[in-house]
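Heads up: the structure comes next, in structure tokens.
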Amino acid sequence: MPELPEVETIKNELSPHIIGSQFTKLTIYDRTLVVKSAVEEFCRELTGQIVAGLQRRGKYLIISLANGKALIIHLRMTGALILNPETINKHVRAVFQFDNNNTMAFIDVRRLGVMWLATDINNLMDKLGPEPLGDEFNVNTLTRKLKGRKAPIKAVLLDQSIIAGIGNMYADEALFNASIHPMKTAGNLSTKDIEKLYNAIVEVIQTAINNKGASVANYKRPQGEPGTAHNYFKVAHLRGQPCPVCGEIIQRLAVRNRGSYYCPNCQRE
DNA sequence: CTTGGGACCTGGCTGC
DNA sequence: TGCAGCCAGGTCCCAA
């Protein structure tokens, strides 16, 4: 599932193949993929535009165009951007063709991903919290964001307006590394807890980027390879396995209808 | 404003 | 073999 490290990897690996290229043709197989404008208008506006650069903000991929507009892509659960796919199967929702003979397919089994053309990306960016690896995110900002919150810390970590880019897998990993129970009330975390959580978030996200993302479910990099970050997971999706620290059996708990994996011994409520 | 529940979407897996 | 039901989870929408 593309969270921050996966989208960052996709951005990095897509960039050399499409920056400076012109969109020559768009084929939309699934019209619900395009939001905020009609498909025809979207295609008309994007065709002929040149890719100026790629950025990532939270889990959004931003393909900025030479005319100042931007193609915003969110891959949600199962979306992937694959360069020069061998076949066009039923899960391909759109194909972009470039003037350098590259094609890029938007493949998405569960069809939850979206994309749109934005004139002004500031509206979107302002809704998102700080980047976990950015200068604005530190122990003080995290402390301020958690203060007074009555929701479980797991739910708060998934709120993109608190911190941008953390999803279910990395929230579980960060809470495990910080020895914090997912149901613990966010506003009740001690100063020490918040310090541990801050360090855990930064470490978990950076490690996952270094490993090119985690290939659970459908995540693939643009050239089709998997990432390796899941090989280093300690609790995420590991129900029934022994905790790597204490050997206790890892359990699953639903927090806001999201599977939360944790060690009942290392992460006391 | 915060919180929490449901909806959306499809396919893999489990159990009867 | 069929089939019901759970599980995967990012975001939006709505109600309290």
Side-chain angles (χ1 to χ4, degrees), chain A residues 1-10 28-36 56-62 72-81 89-94 106-116 118 121 123-129 131-132 144-175 182-189 204-205 208 213-220 226-227 229-230 233 235-241 250-262:
Chain A
M1 298 110 204
E3 300 180 25
L4 189 159
E6 288 74 30
V7 181
E8 179 71 15
T9 302
I10 291 166
I28 308 291
Y29 295 95
D30 179 356
R31 298 174 60 87
T32 65
L33 172 59
V34 177
V35 296
K36 298 180 196 282
R56 179 199 55 73
R57 178 76 171 96
K59 301 169 196 168
Y60 293 88
L61 178 66
I62 301 160
I72 314 277
I73 293 177
H74 199 302
L75 299 167
R76 296 275 176 91
M77 304 296 304
T78 55
L81 295 172
N89 64 25
K90 65 173 180 173
H91 297 131
V92 174
R93 303 179 70 197
F106 194 129
I107 302 176
D108 186 8
V109 170
R110 286 169 62 186
R111 301 173 57 218
L112 291 165
V114 289
M115 65 180 181
W116 72 92
I121 60 172
N123 282 344
L124 169 67
M125 302 310 142
D126 291 348
K127 284 186 208 155
L128 297 174
E131 286 288 322
R144 210 162 50 234
K145 297 256 187 195
L146 299 184
K147 193 173 182 183
R149 289 273 175 168
K150 299 213 163 45
I153 183 62
K154 172 68 186 288
V156 174
L157 287 180
L158 296 178
D159 183 338
Q160 301 299 295
S161 69
I162 303 285
I163 313 165
I166 297 179
N168 205 42
M169 299 183 300
Y170 296 112
D172 283 355
E173 289 298 307
L175 287 171
M183 284 299 286
K184 185 151 185 175
T185 301
N188 288 352
L189 264 65
V204 159
I205 295 291
S215 283
V216 301
N218 297 64
Y219 169 70
K220 276 189 182 144
H230 53 285
F233 282 176
V235 290
H237 297 281
L238 294 172
R239 172 168 47 175
Q241 304 285 314
I250 293 162
Q251 295 191 14
R252 179 188 181 274
L253 165 75
V255 182
R256 291 269 238 277
N257 277 330
R258 295 292 171 260
S260 297
Y261 299 86
Y262 72 108

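Numbered from 1 within each chain, the chains take letters A, B, ... in sequence-line order.
We find that CD of Glu6(A) is positioned 13 Å from C1' of dG10(C), with the value rounded to whole Å. In this entry the distance linking CD1 of Ile73(A) with C1' of dG10(C) reads 16 Å, nearest Å. The distance from atom CG of Leu128(A) to atom C1' of dC12(C) is 14 Å, rounded to the nearest whole Å. As rounded to whole Å, 13 Å separates atom P of dG9(C) from atom CG of Leu253(A). The separation between Ile72(A) atom CD1 and dG10(C) atom C1' is 16 Å, rounded to whole Å. The interatomic distance linking Met115(A) (CE) with dT11(C) (P) rounds to 17 Å, in whole Å.
We find that Glu131(A) and Arg56(A) are joined by a salt bridge, their nearest charged nitrogen and carboxylate oxygen being less than 4.0 Å apart.
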**Q.** nucleotides 1-8 of chain B: protein proximity per nucleotide (B base, S sugar-phosphate only, - neither; heavy atom, under 4.0 Å)
**A.** -SSB--BB
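For the pair Arg76(A) and Pro2(A), the tightest heavy-atom approach, listed with the atom from each and the gap, is O-CD, 3.2 Å. Closest heavy-atom contact between Ala171(A) and Ile166(A): N-CG2, 3.7 Å.
Taking only side-chain nitrogens and oxygens, His237(A) never comes nearer than 4.0 Å to OP1 or OP2 of dC7(C). For dT11(C), the OP1/OP2 oxygens have no side-chain nitrogen or oxygen of Lys127(A) closer than 4.0 Å. Remark: His74(A) is in phosphate contact with dT11(C), judged by side-chain N or O atoms under 4.0 Å from OP1 or OP2.
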Q: Kindly indicate, with the supporting measurements, whether the criterion side-chain contact (heavy atoms from CB on, under 4.5 Å) is fulfilled by Asp159(A) and Arg149(A).
A: CA-CA 12 Å; Asp159(A) 183 338; Arg149(A) 289 273 175 168; 4.2 Å; yes
Q: Before giving the answer on side-chain contact (heavy atoms from CB on, under 4.5 Å), spell out for Val216(A) and Met1(A) the whole-Å C-alpha distance, their side-chain angles and the decisive distance to 0.1 Å.
A: CA-CA 7 Å; Val216(A) 301; Met1(A) 298 110 204; 3.8 Å; yes
Q: Would you please test Arg57(A) and Ile62(A) for side-chain contact (heavy atoms from CB on, under 4.5 Å) and show each step?
A: CA-CA 8 Å; Arg57(A) 178 76 171 96; Ile62(A) 301 160; 3.9 Å; yes
(Q) Let's go through Ile153(A) and Leu146(A) carefully: what are the C-alpha distance in whole Å and the side-chain angles of both, what is the deciding distance for side-chain contact (heavy atoms from CB on, under 4.5 Å) to 0.1 Å, and is it a yes or a no? (A) CA-CA 8 Å; Ile153(A) 183 62; Leu146(A) 299 184; 3.9 Å; yes
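If you check every strand for non-hydrogen atoms under 4.0 Å, Met77(A) touches a base. No contact: Arg93(A) has no heavy atom under 4.0 Å from any strand.
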Could you write out each protein N or O paired with an N or O of nucleotides 11-14 of chain B at a distance under 3.5 Å?
from: dG11(B); atom 1: OP1; to: Lys90(A); atom 2: NZ; distance (Å): 3.1
from: dG11(B); atom 1: OP1; to: His91(A); atom 2: NE2; distance (Å): 3.0

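No more than 12 heavy atoms of other residues, nucleotides or ligands lie within 6.0 Å of NZ in Lys220(A), so this atom counts as exposed by the packing criterion.
Interatomic distance, NE2 of His230(A) versus CG of Leu238(A), reported as 10.5 Å (0.5 Å rounding).
Projected onto DNA chain C by closest heavy-atom contact, Tyr60(A) and Met1(A) fall at different nucleotides, the more 5' of which corresponds to Met1(A).
If you check the side chains of Lys154(A) and Ser260(A), you find a donor sitting under 3.5 Å from an acceptor. Of the N and O atoms on the side chains of Tyr170(A) and Glu6(A), at least one donor lies less than 3.5 Å from an acceptor on the other residue. Of the N and O atoms on the side chains of Arg93(A) and Thr32(A), at least one donor lies less than 3.5 Å from an acceptor on the other residue.
Taking every heavy atom of residues 157-174 of chain A and every atom of DNA chain B, no pair lies under 4.0 Å.
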